[in-house]
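One structure is given here, and the rest of the page talks about it.
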There are 2 protein chains.
Amino acid sequence: MVSQRGEGETTTTPAEAADKERARAIPEAAVARLAVYLRVLSGMAESGVTAVSSEELSQAAGVNAAKLRKDLSYIGSYGTRGVGYDVEVLVSHIERILGLTRNHSVAVVGIGNLGHALANYGGFPGRGFPVTALFDVDADLVGIPVGGIPVNHIDEITAICLEREVSIGVIATPPPAAQSVCDRLVSAGVQCILNFAPVVLQVPDNVEVRKVDLAVEMQILSFHVARRADEAASVSVGNNGLGVDGMVIRP
Amino acid sequence: MVSQRGEGETTTTPAEAADKERARAIPEAAVARLAVYLRVLSGMAESGVTAVSSEELSQAAGVNAAKLRKDLSYIGSYGTRGVGYDVEVLVSHIERILGLTRNHSVAVVGIGNLGHALANYGGFPGRGFPVTALFDVDADLVGIPVGGIPVNHIDEITAICLEREVSIGVIATPPPAAQSVCDRLVSAGVQCILNFAPVVLQVPDNVEVRKVDLAVEMQILSFHVARRADEAASVSVGNNGLGVDGMVIRP
DNA sequence: TACCGCTTGTGAACGCATGCACAAAGTCGG
DNA sequence: CCGACTTTGTGCATGCGTTCACAAGCGGTA
């Protein structure tokens, strides 16, 4: 593996510099899995487990062992052949790669049912994501503390986000408000947005959006239900097609 | 395109039979996007739009036009060259492919903050997902209606799910309870599960699980924040590396 | 009717991700 | 000290998904 840039690596430790070089090359899919490994590993650490093999860890994380090793190889070689991985070491390296050594302050916009749930989502498991601001349009909510943090009016987004250095904005508003809220967050310098509103947000290139869409998840499941019912139907009814349409098949 | 099975296609309409054949071949990723297209199209239909081109629709859905056309081609050729797509036609075909013509009754387990939010998530946009049962371990909650549906005790899962023909189970419990709840749902014949608990669920092959993991989403965002900060650092500080570690760069 | 311009549908090329299989590298027992 | 055993790290092949580019097809127009 050849490092293509020789600059900017003198005052940081070699390990950190190497991490940063690698971070660029980690596939999107692998990043998501690393987060899962991290959680599993944290659980193991709490249970007093100090070492783990790729086989054990992969099973606990629900993935293929080879894939796990490849994922870990993206962040460096921190295992010991013939033995496995040191849990603590792995945890700290994954945390560093995922940027969890910084503190990412989070703002939640839209304090409805979901917003409440998010605000109370106790410090986000695996810590590092303090919710530091809540916003809503409803003047009646302003000032009321939710999960220990007082709600601010939505017009204060820019000022407060800048002041509290919010790096992640969570949108939990009704769909019609989402784009406007998003625009305000962006103009407040927020570069990462987690969107729960069922809307496709338009953002500048330098802003990262991830969306969690309950309706879409349900519909994907629905698709699989349908596909299964169809398969069951073609198998169980042979060549007459009875019961194929609109009827739930329970074998 | 050659149909490989000649059986079971006589009593359903040709269009439906063709749909079912195709359903097997639709890539997972495309299914997720079809759900998005469906929402956008539904919105257009309500606004009185009757026709749409791949270019317009793709922009509204936030994807590449070519990808959109390919996705639509998986469900058949329902566009008109030189004109575009009929909104109504597209809506009904996507609904059929996604299995939204059946009614999927949903059970939510774990009526905490998130469970409340889900139970109140009014009929799930794009309808077709009636929440018909709520469960919790807490005896104090039993009988209290949430979102119009009374909460049942968790021990009743099997009986009630079978009775109400629940096809999708939503797990919104604390992590330690998730696997046990999952097992109960499975034994009640539920084949599709949407899991909000940060736990890797073990299920038999015939059960489909999708997970929504807030911590993972946040950590993926965190990764991107970190990567960006690093890039900004290497660009802005040249070859001395100052400000690279732990410091947030705001250009 | 014949032509023109527009948009779809798709074959083909590319790139990313997954899984396999094995060499490299370490530990442990004798 | 050596050999056997275990487990990592990774080159390579395979498959899936995305993107490009263009022929095919349709409506409108003269």
Side-chain angles (χ1 to χ4, degrees), chain A residues 1-2 18-19 21-37 41 44 49-87 89-90 93-94 97 220 223, chain B residues 1-3 15 18-19 21-37 41 44 49-87 89-90 93-94 97 220 223:
Chain A
M1 190 173 294
V2 180
D19 279 1
E21 280 306 309
R22 288 195 182 94
R24 253 161 272 245
I26 302 180
E28 200 55 33
V31 174
R33 285 190 298 267
L34 283 171
V36 175
Y37 305 154
L41 287 165
M44 287 177 170
V49 178
T50 59
V52 68
S53 73
S54 63
E55 188 60 45
E56 294 171 280
L57 182 53
S58 70
Q59 222 160 353
V63 301
N64 184 303
K67 182 160 24 180
L68 178 131
R69 287 201 299 275
K70 180 142 288 200
D71 288 344
L72 292 182
S73 81
Y74 291 128
I75 67 172
S77 304
Y78 300 114
T80 308
R81 297 176 187 224
V83 179
Y85 301 89
D86 181 288
V87 174
V89 169
L90 222 45
H93 279 110
I94 296 178
I97 287 285
I220 294 171
F223 171 79
Chain B
M1 189 175 293
V2 180
S3 178
D19 278 2
E21 280 306 309
R22 287 196 182 93
R24 254 161 273 246
I26 302 180
E28 199 57 33
V31 174
R33 287 190 298 267
L34 283 170
V36 175
Y37 306 153
L41 286 165
M44 286 178 170
V49 178
T50 59
V52 68
S53 73
S54 63
E55 189 59 46
E56 295 170 280
L57 183 52
S58 71
Q59 223 160 352
V63 302
N64 185 301
K67 182 159 26 182
L68 178 131
R69 287 201 299 275
K70 178 138 286 199
D71 287 346
L72 292 182
S73 80
Y74 291 128
I75 68 172
S77 305
Y78 301 113
T80 307
R81 297 176 187 224
V83 179
Y85 301 88
D86 181 290
V87 174
V89 169
L90 222 44
H93 279 110
I94 296 179
I97 287 285
I220 295 172
F223 171 78

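Naming: A, B, ... by sequence-line order, numbering from 1 per chain.
For B/Glu28, the salt bridge (charged side-chain N to carboxylate O under 4.0 Å, His left out) criterion is met by B/Arg210, not counting sequence neighbours. Applying the side chain to side chain contact (heavy atoms under 4.5 Å, CB included) criterion to A/Val83, with sequence neighbours excluded, gives A/Thr80. With sequence neighbours left out, the side-chain hydrogen bond (donor to acceptor under 3.5 Å, both in side chains) criterion links A/Ser53 to A/Glu56. Partners of A/Ser54 by side-chain hydrogen bond (donor to acceptor under 3.5 Å, both in side chains), not counting sequence neighbours, listed by chain and number: A/Arg69. By the side-chain hydrogen bond (donor to acceptor under 3.5 Å, both in side chains) test, B/Tyr85 pairs with no residue at all, sequence neighbours left out. Under the rule for a side chain to side chain contact (heavy atoms under 4.5 Å, CB included), the partners of A/Ala30 that lie at least two apart in sequence or sit in another chain are A/Ile26, A/Pro27, A/Arg33, A/Asp71, A/Tyr74.
Atom CG of B/Leu72 is separated from atom C1' of D/dT19 by 16 Å (rounded to the nearest Å). Taking atom OH of residue A/Tyr74 and atom C1' of nucleotide D/dT8, one finds them 16 Å apart after rounding to whole Å. Whole-Å rounding puts the A/Ile75 CD1 to D/dG9 C1' distance at 13 Å. The interatomic distance linking A/Tyr78 (OH) with D/dT7 (C1') rounds to 19 Å, in whole Å. Rounded to a whole Å, the OH atom of B/Tyr85 is 13 Å from the C1' atom of D/dG25.
Applying the side-chain hydrogen bond (donor to acceptor under 3.5 Å, both in side chains) test to every pair with at least one member in residues 59-68 of chain B, sequence neighbours left out, gives no pairs at all.
Within residues 28-37 of chain B, the residues approached by DNA chain D to less than 4.0 Å at the level of any non-hydrogen atom are B/Glu28, B/Ala29, B/Arg33, in residue-number order. Using a 4.0 Å cut-off on heavy atoms, the residues of residues 52-64 of chain A that approach DNA chain C are A/Asn64, listed by number.
The CG atom of B/Leu57 lies 7.5 Å from the OH atom of B/Tyr37; values are rounded to the nearest 0.5 Å.
Side-chain contact check for B/Leu34 versus B/Leu72: some heavy-atom pair is nearer than 4.5 Å.
Taking the nucleotide of DNA chain C with the nearest heavy atom to each of B/Thr80 and A/Val83, the more 5' of the two is matched to B/Thr80. Residue-to-nucleotide proximity on DNA chain D shows that, of A/Gly79 and A/Gly82, the 5′-proximal contact is made by A/Gly82.
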N/O contacts under 3.5 Å, protein versus nucleotides 10-13 of chain D?
{"unit_1": "D/dG11", "atom_1": "O6", "unit_2": "A/Lys70", "atom_2": "NZ", "d": "3.4"}
{"unit_1": "D/dC12", "atom_1": "N4", "unit_2": "A/Lys70", "atom_2": "NZ", "d": "3.3"}

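The span of DNA chain C lying next to chain A, judged by atoms under 4.0 Å from heavy atoms, is bounded 5' to 3' by C/dA17 to C/dT27.
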